[in-house]
Amino acid sequence: MRLLLLGGTSEASELARRLAGRADFEATLSLAGRTSRPAAYALPTRVGGFGGIEGLTRYLIDNRVEALIDATHPFAARMSANAVAAAEAAGVPLAVLTRPEWAPEAGDDWREVEYAAEAARALGEAPRRVFLTVGRLQAGAFRAAPQHHYVLRSIDAPEEPPPSVELVLARPPFSLDDELELMASRRIDMLVSKNSGGEATRAKLDAARRLKLPVVMIRRPPLAAQTVLYGVEDALGWIHGVAS
Ligand code: NAP
């Protein structure tokens, strides 16, 4: 059975490891090519966009793909929407492999917003020291709030960071001790995060709770796919179901 796995997440890497070397599946992993040093993957990998819905539809048909698994990041909304449309056009079963959202716990002070631009406004007028963890691509939205100092963590450097910035280039996972040390040493007074979910980056929320820091949390875009799986075991079960 021929599978296409849309990746760029730790869940995709884990599923790739589980599918690698199996005689009953011929799986290919697809990456957008955003990071300059992508992690090593266990499956044959293709890199770069497909060329929109039409390009992905053509890819699915030309490569006789029999099942499509969208294991992109919860904020990769365009790719996920394209996957829904292309899977339908090509008649290929599709499932999304994702992670549950984070939810606020007792002691948390979250201000939930829809977009990065709204998050920048939610920081307020008075200058703050902000730990910005929204990724390279959305960092530019914070140029609209230049009164704040940002400690901006991302895998690769952003092209258009806000003016007062310290870049911290690092790849998850991050531990609670590391997050506490980073936030305390930089005298952070506010955290900005996307609601990505998952374990690899959740320690920053635990650290913010301990330090009693407010969190501006960007909500997830809605999911269009019908079949949503919350773990690699579920994904393997779904794949076996399609194959049988
Ligand atoms: P996006 O805005 O939804 O996608 C933009 C375009 O990038 C897509 O239309 C597609 O181009 C191409 N693309 C995205 N994912 C792809 C994949 N797995 N394989 C081939 N092409 C892909 O996505 P994004 O937010 O830029 O994310 C890009 C990648 O980074 C994804 O793999 C995602 O899982 C990963 N990532 C994203 C975030 C985040 O916060 N957004 C965080 C961590 C990791 P075409 O239209 O030309 O096909």
Side-chain angles (χ1 to χ4, degrees), residues 3-16 27-41 43-63 65 68-87 89-90 92 94-99 101-102 113-117 119 132-142 152-160 169-174 192-202 204 216-225 228-229 232 235:
L3 298 169
L4 178 63
L5 173 58
L6 304 175
T9 58
S10 52
E11 289 79 4
S13 314
E14 196 188 334
L15 184 57
T28 300
L29 176 69
S30 176
L31 298 177
R34 293 281 190 278
T35 53
S36 56
R37 299 160 289 113
Y41 287 97
L43 286 177
T45 302
R46 65 163 299 288
V47 179
F50 295 94
I53 296 168
E54 251 180 66
L56 179 56
T57 306
R58 203 172 324 111
Y59 182 97
L60 294 173
I61 293 169
D62 290 352
N63 292 281
V65 172
L68 175 61
I69 297 144
D70 173 9
T72 57
H73 191 271
F75 280 79
R78 181 135 60 96
M79 186 71 252
S80 292
N82 288 358
V84 170
V92 173
L94 163 71
V96 171
L97 170 58
T98 189
R99 22 175 129 145
E101 288 181 319
W102 292 316
V113 298
E114 303 294 327
Y115 303 106
L132 186 58
T133 64
V134 297
R136 177 171 69 90
L137 296 175
Q138 303 209 342
F142 293 82
L152 192 166
R153 183 171 67 199
S154 54
I155 295 178
D156 289 312
E159 273 147 32
E160 297 194 315
L169 300 183
R171 187 189 286 276
F174 304 112
V192 184
S193 173
K194 297 188 287 200
N195 196 334
S196 301
E199 289 309 309
T201 58
R202 72 158 297 127
K204 63 189 170 187
V216 177
M217 183 64 79
I218 306 175
R219 287 199 185 96
R220 284 186 184 187
L223 265 179
V228 182
L229 310 165
V232 167

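We count ligands from 1, going down the list as the structure has it; atoms in each ligand are counted the same way.
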State whether the number of non-hydrogen atoms from other residues, nucleotides or ligands found under 6.0 Å of Glu54 atom CD is greater than 12.
-> no

So the atoms of ligand 1 within less than 4.0 Å of a heavy atom of Leu31 turn out to be 17 (C), 18 (N), 19 (N), 20 (C)

Find the distance between OG (Ser193) and CZ (Arg153) and round it off to the nearest 0.5 Å.
-> 9.5 Å

With a 4.5 Å limit on heavy-atom distance, are the side chains of Ile218 and Phe75 in contact?
-> yes

What protein heavy atom is closest to atom 29 (C) of ligand 1, reported as residue, atom name and distance in Å?
-> Ala32 CB, 3.7 Å

Any side-chain heavy-atom pair of Asp156 and Arg34 under 4.5 Å | no

Per-residue contact class, Gln138 against ligand 1 - non-hydrogen pairs under 4.0 Å = neither

Check whether any heavy atom of Leu137 sits under 4.0 Å from an atom of ligand 1.
-> yes

Return a yes/no value for Met79: is any of its N or O atoms, backbone included, closer than 3.5 angstrom to an N or O of ligand 1?
-> yes

Ligand-residue contact atoms, ligand 1 with Gly52, heavy atoms, under 4.0 Å = 45 (P), 46 (O), 47 (O), 48 (O)

Side chains of Leu4 and Val92: does their closest heavy-atom pair fall under 4.5 Å?
-> no

Kindly say whether Val192 contributes a backbone atom to a donor-acceptor pair with the side chain of Thr133 at under 3.5 angstrom?
-> yes

Hey, does Pro158 have a side-chain heavy atom less than 4.5 Å from the side chain of Leu152?
-> yes

To which protein heavy atom is atom 19 (N) of ligand 1 closest, and what is the distance rounded to 0.1 Å?
-> Ser30 OG, 2.7 Å

Would you check whether Ala81 reaches within less than 4.0 Å of ligand 1, judged by its heavy atoms?
-> no

To the nearest 0.1 Å, how far is atom 2 (O) of ligand 1 from its closest protein heavy atom, and which atom is that?
-> Arg78 CB, 4.0 Å

May I ask you to test the Trp102-Arg202 pair for a side-chain heavy-atom distance under 4.5 Å?
-> yes

Could you say whether the N/O atoms of Lys194 and ligand 1 ever approach to under 3.5 Å?
-> yes

Spell out, as yes or no, whether a donor-acceptor pair under 3.5 Å connects the side chain of Thr72 to the backbone of Leu6.
-> no

Ser80 N/O under 3.5 Å from ligand 1 N/O = no

Measure the distances from the heavy atoms of Gly55 to every atom of ligand 1 and state whether one is below 4.0 angstrom.
-> no

Is there side-chain contact between Pro173 and Thr201, with heavy atoms separated by less than 4.5 Å?
-> no

If you round to the nearest 0.5 Å, how far is CG of Leu97 from CG of Leu229?
-> 6.5 Å

For the side chain of Ser30 and the backbone of Thr28, is there at least one donor-acceptor N/O pair under 3.5 Å apart?
-> no

re atom 44 (C) of ligand 1, the protein heavy-atom contact at minimum distance is Gly8 O, 3.3 Å

Hey, is ligand 1 close enough to Thr9 that some N/O pair sits below 3.5 Å?
-> no

Can a non-hydrogen atom of Arg46 be found less than 4.0 Å from any atom of ligand 1?
-> yes

Where is the nearest protein heavy atom to atom 6 (C) of ligand 1: which residue, which atom, and how far?
-> Arg34 NH2, 3.6 Å

Determine, using heavy atoms of Gly51 and all atoms of ligand 1, whether some pair is separated by less than 4.0 Å.
-> yes

Judged by atom type as modelled, is there a donor-acceptor pair below 3.5 Å linking the side chain of Asn195 to the main-chain atoms of Arg219?
-> no

Tell me, which protein residue and heavy-atom name are nearest atom 48 (O) of ligand 1, and how many Å apart are they?
-> Phe50 N, 2.7 Å

For Asn82, the ligand 1 atoms with a heavy-atom partner under 4.0 Å come out as 9 (O), 46 (O)

Are any non-hydrogen side-chain atoms of Phe50 and Met79 less than 4.5 angstrom apart?
-> yes

Have a look at ligand 1 and work out which part of His73, if any, has a heavy atom under 4.0 Å from it: side chain, backbone, both or neither.
-> both

Per-atom contacts, ligand 1 versus Gly49 - under 4.0 Å to a heavy atom = 11 (O), 21 (N), 45 (P), 47 (O), 48 (O)

Give the atoms of ligand 1, by number and element, whose distance to some non-hydrogen atom of Ala77 is under 4.0 Å.
-> 3 (O)

At what distance is the nearest protein heavy atom to atom 31 (C) of ligand 1, and which residue and atom is it?
-> Gly7 O, 3.7 Å

Does Val47 approach ligand 1 within less than 4.0 angstrom via side chain, backbone, both or neither, non-hydrogen atoms only?
-> neither

Can you find an N/O atom of Ala71 closer than 3.5 Å to an N/O atom of ligand 1?
-> no

Is the shortest heavy-atom distance from the side chain of Arg136 to the side chain of Glu159 under 4.5 Å?
-> yes

What is the nearest protein non-hydrogen atom to atom 23 (O) of ligand 1, stated with its residue, atom name and distance?
-> Ala76 CB, 3.5 Å

